[in-house]
Amino acid sequence: MHWTNDLIFLCMLDKYLISMHNARMSHAQRARTSSDVCFVRAYAKINLTLDVLGRRADGYHDLATVMQTVDLYDTICLTATEDSRVQLACTKPELSNEDNLVVQAAHLVRQRLAIRQGVLIELHKHIPMAAGLGGGSSDAAAVILALQQWWRLHLSLSDLLDMATSLGSDVPFFLTGGLALCEGRGERVTALAPYWPRSMRWLLLLKPAISISTAAVFRNLPASDYSDDTHSRAVSRALNAGQTPQLEDLHNSFERSVLGRYPEVARAKGDLLQAGAPFVRLSGTGPTLFAPFSELANAQKVQEQLQSQGYEVYLSRAIHPNVVDVNVY
Ligand code: C5P
């Protein structure tokens with residue numbers, strides 16, 4: 001993984017200064033900046049494959065999953081404040097609290113480098129919540145990367161990975177995004193060649209009107225739905241070779257149990273297929289379903305049909321964020 005400066009588009013519109021020490025507290029770093037505002041985008045993801053290999057002694061599950069970022073994103077604005085607090089204002093009031101991963105991410109970065117600079121985080125949500133699209137994890141990774149760039153912090157790769165892993169299993173993936181095979185809890189990320197099949201140029205993301213707890217879905221997964229990593233390896237190999245993966249390898253270990261337990265999701269899958277989607281899969285632990293299309297017109301026709309049935313549907317595409325959108329003003 002790499003996130004060198006050429007990956008980061010840093011737009012400097014004002015004089016920018018950081019003091020890496022504080023006169024009174026020699027161990028402390030206090031960020032001083034005349035650039036008060038920093039914007040960053042946090043992209044959603046889909047899981048092309050999700051193999052659950054088994055339950056671990058620590059309660060987590062070993063996974064092999066191929067993930068891809070898509071161009072549905074939250075926008076985060078960070079503003080320097082005069083005090084030493086981390087404050088959050090979110091367009092979804094139910095997310096405006098200390099438990100939000102963006103607040104935890106900011107605390108973690110500040111603690112690691114003993115920084116006292118206050119920050120207001122404004123979070124404009126577009127990615128559906130508790131949906132299997134990784135929105136909360138992506139927001140957290142975006143805050144780490146934004147603070148690193150904005151405050152010009154000296155964080156090593158292992159610092160970044162440590163912090164990301166402690167925030168959540170999917171967070172390390174979002175430090176780079178793009179296309180990757182993720183293993184272990186999800187934190188072992190291997191970037192794949194950024195190839196995306198033409199037959200999947202357009203993606204419909206359908207979010208059924210329910211939220212699903214990731215922990216509950218893991219808990220309710222019967223061992224009979226565990227798989228080995230064959231699907232994820234086959235898809236990784238195909239994509240790395242610039243080939244379209246076999247549809248039967250786009251396997252998600254959770255799909256059978258989630259469709260069985262949540263009739264809204266099963267109905268939505270049926271409606272997508274009925275409306276003309278050639279292929280439909282669950283993303284992550286759901287409830288969001290994704291359907292790939294090669295032609296925009298077909299994707300749009302199916303989207304309009306499902307929207308007329310009352311579904312929340314996004315027309316999206318795979319995105320390789322080789323430019324992380326951190327803008328400092
Ligand atoms: O890591 P994260 O906090 O996002 O995980 C949420 C929950 O999902 C965990 O508490 C755990 O119950 C479950 N989980 C799991 N195995 C994983 C990832 C998540 O059991 N590899």
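Counting starts at 1 for both ligands and their atoms, following the listed order. Only this structure's heavy atoms are used, side chains among them; waters, hydrogens and symmetry mates stay out.
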Novice: Would you mind telling me which of Asn240, Leu239, Val235, Thr69 makes a side-chain contact (heavy atoms from CB on, under 4.5 Å) with Leu179?
Specialist: Leu239
Novice: Where on Phe218 is there a heavy atom closer than 4.0 Å to ligand 1, on the side chain, on the backbone, on both, or on neither?
Specialist: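 Under 4.0 Å from ligand 1, Phe218 contributes side-chain atoms alone.
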Novice: Please work out which of Thr214, Asp58, Leu167, Thr65 has its closest non-hydrogen atom nearest to atom 8 (O) of ligand 1.
Specialist: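 Comparing heavy atoms across Thr214, Asp58, Leu167, Thr65, the nearest one to atom 8 (O) of ligand 1 lies in Thr214.
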Novice: Looking only at distance, does His61 have an N or O less than 3.5 Å from an N or O of ligand 1?
Specialist: yes
Novice: Considering only the protein, which heavy-atom contact is closest to atom 1 (O) of ligand 1, and what is its distance?
Specialist: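 Result for atom 1 (O) of ligand 1: Ser169 OG, 2.5 Å.
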Novice: Could you measure the distance from the CG atom of Leu205 to the OG atom of Ser316? Nearest 0.5 Å is fine.
Specialist: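 Between Leu205 CG and Ser316 OG, I get 5.0 Å after rounding to 0.5 Å.
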Novice: Mark yes when over 12 heavy atoms from residues, nucleotides or ligands other than Gln274 sit less than 6.0 Å from its CD; otherwise mark no.
Specialist: no
Novice: Between atom CG of Leu259 and atom CG of Leu282, what is the distance when rounded to the nearest 0.5 Å?
Specialist: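 Reported to 0.5 Å precision, the distance equals 7.0 Å.
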Novice: To the nearest 0.5 Å, what is the distance between CD on Gln307 and CG on Leu206?
Specialist: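 Separation between the atoms: 9.5 Å.
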Novice: Donor-acceptor pair, Glu183 side chain versus Val189 backbone, under 3.5 Å?
Specialist: no
Novice: Which ligand 1 atoms does Gly168 reach within 4.0 Å, using its non-hydrogen atoms?
Specialist: 1 (O)
Novice: Report the nearest protein non-hydrogen atom to atom 9 (C) of ligand 1: residue, atom name, distance rounded to 0.1 Å.
Specialist: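 Answer for atom 9 (C) of ligand 1: Tyr60 CE2, 3.9 Å.
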Novice: Which ligand 1 atoms does Leu63 reach within 4.0 Å, using its non-hydrogen atoms?
Specialist: 21 (N)
Novice: Would Gly184 count as a contact residue for ligand 1, given that I'm defining contact as a non-hydrogen atom of the residue lying under 4.0 Å from a ligand atom?
Specialist: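 Per 4.0 Å heavy-atom rule, Gly184 does not contact ligand 1.
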Novice: Could you label the plane-to-plane angle of the Tyr73 and His126 rings as parallel, tilted or perpendicular, counting under 30° as parallel and over 60° as perpendicular?
Specialist: perpendicular
Novice: Taking only heavy atoms of Gly59 into account, list the atoms of ligand 1 that are under 4.0 Å away from them.
Specialist: 20 (O)
